[in-house]
Amino acid sequence: MASAEQLQRVAQEQLTLAEPPSKKPESENGSSKPAATVSLMNRVGGFSWEVLDSAKTTNASTQRIDCLVVTTKAHHTTEALRQVVPRLDHQSVVLLLQNGMGIYEELQNTFYSSSANGKYNAPFFLQGTTTHGCYRSHPFHVVHAGQGGLWVGTPDIESAQRLDTSPTLNSSVRTLLDQLYTLPLGVRWESTFQLQARLWKKLAVNACINPLTAHFDCLNGALLDDVSCTSLIHALCTESSAIIQHHLGLIWDQKARGQWSSTDELAHIDVPLLQSQFTPDALVSQVQLVCQQTASNVSSMRQDMRAGRSTEINYINGYVVTLATRYNLPCSTHRQILQWFR
Ligand SMILES: NC(=O)C1=CN([C@@H]2O[C@H](COP(=O)(O)OP(=O)(O)OC[C@H]3O[C@@H](n4cnc5c(N)ncnc54)[C@H](OP(=O)(O)O)[C@@H]3O)[C@@H](O)[C@H]2O)C=CC1
Ligand SMILES: CC(C)(CO)C(=O)C(=O)O
């Protein structure tokens with residue numbers, strides 16, 4: 001985890017830029033010779049960093065953290081945060097950058113429910129999602145294998161409202177964003193619902209490509225050549241579509257009941273237009289597009305599976321199943337896929 005609290009202190013990490021993975025036959029999101037090497041230190045003044053490692057907790061810092069960017073895998077996030085929870089307060093800003101969904105809720109329930117640390121002490125969470133691709137070639141060296149964008153916003157409307165009404169918080173979020181904007185990562189701020197729609201789309205796509213490529217041990221592009229894979233993609237997207245549409249429908253009802261004032265961003269959201277982006281056909285087209293665009297990629301779940309690591313399945317298909325159970329909607333294909341990983 002990188003702490004952005006003392007941005008002028010210098011770290012020696014290097015960011016390595018490589019050719020896009022599509023130019024290679026089979027890459028782990030780009031594993032051949034890097035195209036360029038640049039020092040983060042020269043470009044952004046350097047990030048302060050600490051190694052957070054359970055073996056060294058006795059020497060761990062107790063200094064308050066202003067801004068924290070969490071880039072762990074979804075299933076490691078709660079344990080990673082546990083080490084720094086005492087250093088976060090209600091004015092700290094924490095940006096979550098995991099694939100999948102449900103992590104924000106898990107953190108709230110684990111650390112900040114009324115029975116735990118108390119809501120009053122919760123830091124201000126932001127969520128983000130990226131289409132960049134990168135991997136670590138060796139310690140402190142990251143290969144930037146695929147160019148994309150990075151979208152950041154608030155996880156729910158309550159957070160958006162809190163941000164609007166707290167100048168201190170607003171200034172902390174601005175500090176973090178200003179640092180992120182200096183990076184060549186195409187960072188953009190999005191309204192709550194634009195970001196949530198983006199996260200839903202990514203979840204629906206990842207719920208097809210990741211488990212299927214891991215299970216059938218194939219490249220992303222190969223999914224489109226196999227008839228059993230394409231029929232699974234249709235089944236998964238049909239189930240995801242009903243669940244997402246239902247979820248959006250609930251928001252539509254809340255809006256209709258006047259739960260938000262006219263100044264809220266949600267008052268301007270066109271829910272039926274949003275819903276049209278989540279039909280089964282729209283989701284299948286999105287999966288096909290990503291399979292084509294990342295045809296020569298080894299998906300992150302396939303990489304994890306090959307390396308004998310745990311996967312993010314519980315935060316991808318597992319999250320879809322959790323919502324289906326909550327809404328009492330059919331979800332047998334996602335359930336079947338979850339069984340493959342048990
Ligand atoms: N890599 C990519 O191209 C993309 C990744 N993502 C998503 O971003 C997230 C991160 O992915 P990625 O960077 O590839 O994952 P990695 O596994 O490469 O990196 C995760 C980092 O988290 C650290 N970590 C794990 N547990 C802890 C802990 N308890 N305390 C502190 N640090 C910890 C790991 O440290 P250590 O190595 O020491 O264990 C490692 O440095 C995932 O959700 C992924 O799906 C999304 C889009 C693209
Ligand atoms: C988009 C995709 C499927 C690219 O490989 C990905 O996000 C992943 O591998 O986790």
Side-chain angles (χ1 to χ4, degrees), residues 1-3 13 15-16 18 20-22 26-31 49-57 60 65 68-85 87 95-104 107 127-151 185 198-199 201-214 218-224 233 286-317 319:
M1 285 193 296
S3 142
E13 293 102 313
L15 179 71
T16 308
S22 53
E26 177 164 345
S27 64
E28 294 225 338
N29 296 329
S31 55
W49 57 275
E50 300 165 34
V51 176
L52 293 176
D53 149 359
S54 52
K56 292 191 181 164
T57 44
I65 296 172
L68 184 70
V69 181
V70 186
T71 63
T72 51
K73 292 274 187 177
H75 48 283
H76 293 144
T77 304
T78 298
E79 276 324 295
L81 250 286
R82 192 180 296 282
Q83 302 174 69
V84 293
V85 160
R87 299 170 59 188
L95 170 59
L96 301 172
L97 283 178
Q98 286 64 44
N99 261 358
M101 291 179 95
I103 301 137
Y104 168 64
L107 294 173
Q127 280 180 316
T129 181
T130 185
T131 50
H132 286 280
C134 67
Y135 66 93
R136 200 170 12 165
S137 54
H138 50 283
F140 300 107
H141 284 75
V142 174
V143 177
H144 189 180
Q147 273 292 342
L150 174 65
W151 293 265
L185 295 177
R198 193 180 289 282
L199 291 171
K201 270 184 215 155
K202 182 152 174 63
L203 185 84
V205 168
N206 284 131
C208 294
I209 301 180
N210 292 26
L212 296 183
T213 52
C218 65
L219 294 174
N220 294 0
L223 293 179
L224 301 181
I233 290 171
Q286 194 65 30
V287 174
Q288 287 168 340
L289 184 69
V290 176
C291 281
Q292 284 154 4
Q293 286 171 338
T294 64
S296 62
N297 270 32
V298 178
S299 78
S300 57
M301 201 171 280
R302 185 177 173 215
Q303 288 178 42
D304 286 337
M305 192 113 146
R306 278 177 154 189
R309 296 186 293 256
S310 47
T311 71
E312 295 183 301
I313 193 80
N314 288 339
Y315 295 83
I316 300 178
N317 301 77
Y319 187 72

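Just follow the structure's listing: the first ligand is 1, and inside any ligand the first atom is 1.
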Which part of [X] is near ligand 1, with near meaning a heavy atom under 4.0 Å away: side chain, backbone, both or neither?
{"X": "Thr71", "value": "backbone"}
{"X": "Arg136", "value": "side chain"}
{"X": "Leu97", "value": "backbone"}

message = Using side-chain contact (heavy atoms from CB on, under 4.5 Å), reason through Gln127 and Leu97 one step at a time and then give a plain yes or no.
response = CA-CA 6 Å; Gln127 280 180 316; Leu97 283 178; over 6 Å; no

Give a yes/no verdict on whether any heavy atom in Gln83 is under 4.0 Å from an atom of ligand 1.
-> yes

- Message: So for Arg82, does at least one of its heavy atoms come nearer than 4.0 angstrom to any atom of ligand 1?
- Response: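 False for this residue.
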
### Test log, rule side-chain contact (heavy atoms from CB on, under 4.5 Å), inputs His132 and His144
CA-CA 8 Å; His132 286 280; His144 189 180; 2.8 Å; yes

Atoms of ligand 2 close to [X] [distance to a heavy atom under 4.0 angstrom, numbered from 1]:
{"X": "Asn99", "answer": "7 (O), 10 (O)"}
{"X": "Asn210", "answer": "3 (C), 8 (C), 10 (O)"}
{"X": "Ile209", "answer": "3 (C)"}
{"X": "Lys202", "answer": "7 (O)"}
{"X": "Asn220", "answer": "3 (C), 4 (C), 5 (O)"}
{"X": "Ser299", "answer": "5 (O), 9 (O)"}
{"X": "Val290", "answer": "1 (C)"}

Proximal ligand 1 atoms for [X], defined as those under 4.0 Å from one of its heavy atoms:
{"X": "Cys134", "answer": "1 (N), 2 (C), 3 (O)"}
{"X": "Ala80", "answer": "28 (C), 29 (N), 30 (N)"}
{"X": "Glu312", "answer": "42 (C), 43 (O), 44 (C), 45 (O)"}
{"X": "Gly133", "answer": "3 (O)"}

Would Val69 and Thr71 count as a side-chain contact (heavy atoms from CB on, under 4.5 Å) here? Give the steps.
CA-CA 6 Å; Val69 181; Thr71 63; 4.0 Å; yes

task = State, yes or no, whether a side-chain contact exists between Gln303 and Arg309 at a heavy-atom distance under 4.5 Å.
result =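 Gln303 vs Arg309: side chains touch.
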
### Met305 side chain reached by Thr213 side chain, heavy atoms, under 4.5 Å
no

Exercise for the section: Start with the C-alpha distance between Thr311 and Asp304, add both sets of side-chain angles, then the distance that settles side chain to side chain donor-acceptor pair (under 3.5 Å), and finish with yes or no. Expected result: CA-CA 6 Å; Thr311 71; Asp304 286 337; over 6 Å; no

Which heavy atom of [X] sits nearest a heavy atom of [Y], and at what distance?
{"X": "Ser300", "Y": "Asn99", "result": "OG-ND2, 4.4 Å"}
{"X": "Leu203", "Y": "Tyr315", "result": "CD1-O, 3.6 Å"}
{"X": "Cys291", "Y": "Asn220", "result": "SG-O, 3.6 Å"}
{"X": "Ala295", "Y": "Leu219", "result": "O-CB, 3.5 Å"}
{"X": "Val287", "Y": "Val205", "result": "CG2-CA, 4.0 Å"}

Note: heavy atom closest to atom 2 (C) of ligand 2, options Ile316, Thr311, Asn297, Asn206, belongs to Asn206

Judged by heavy atoms only, the candidate from Ile316, Asp304, Asn99 nearest atom 46 (C) of ligand 1 is Asn99

Distance-only side-chain donor-acceptor flag, Asn210 / Ser299, under 3.5 Å:
no

Taking the non-hydrogen atoms of Met301, is any one of them nearer than 4.0 angstrom to ligand 2?
no

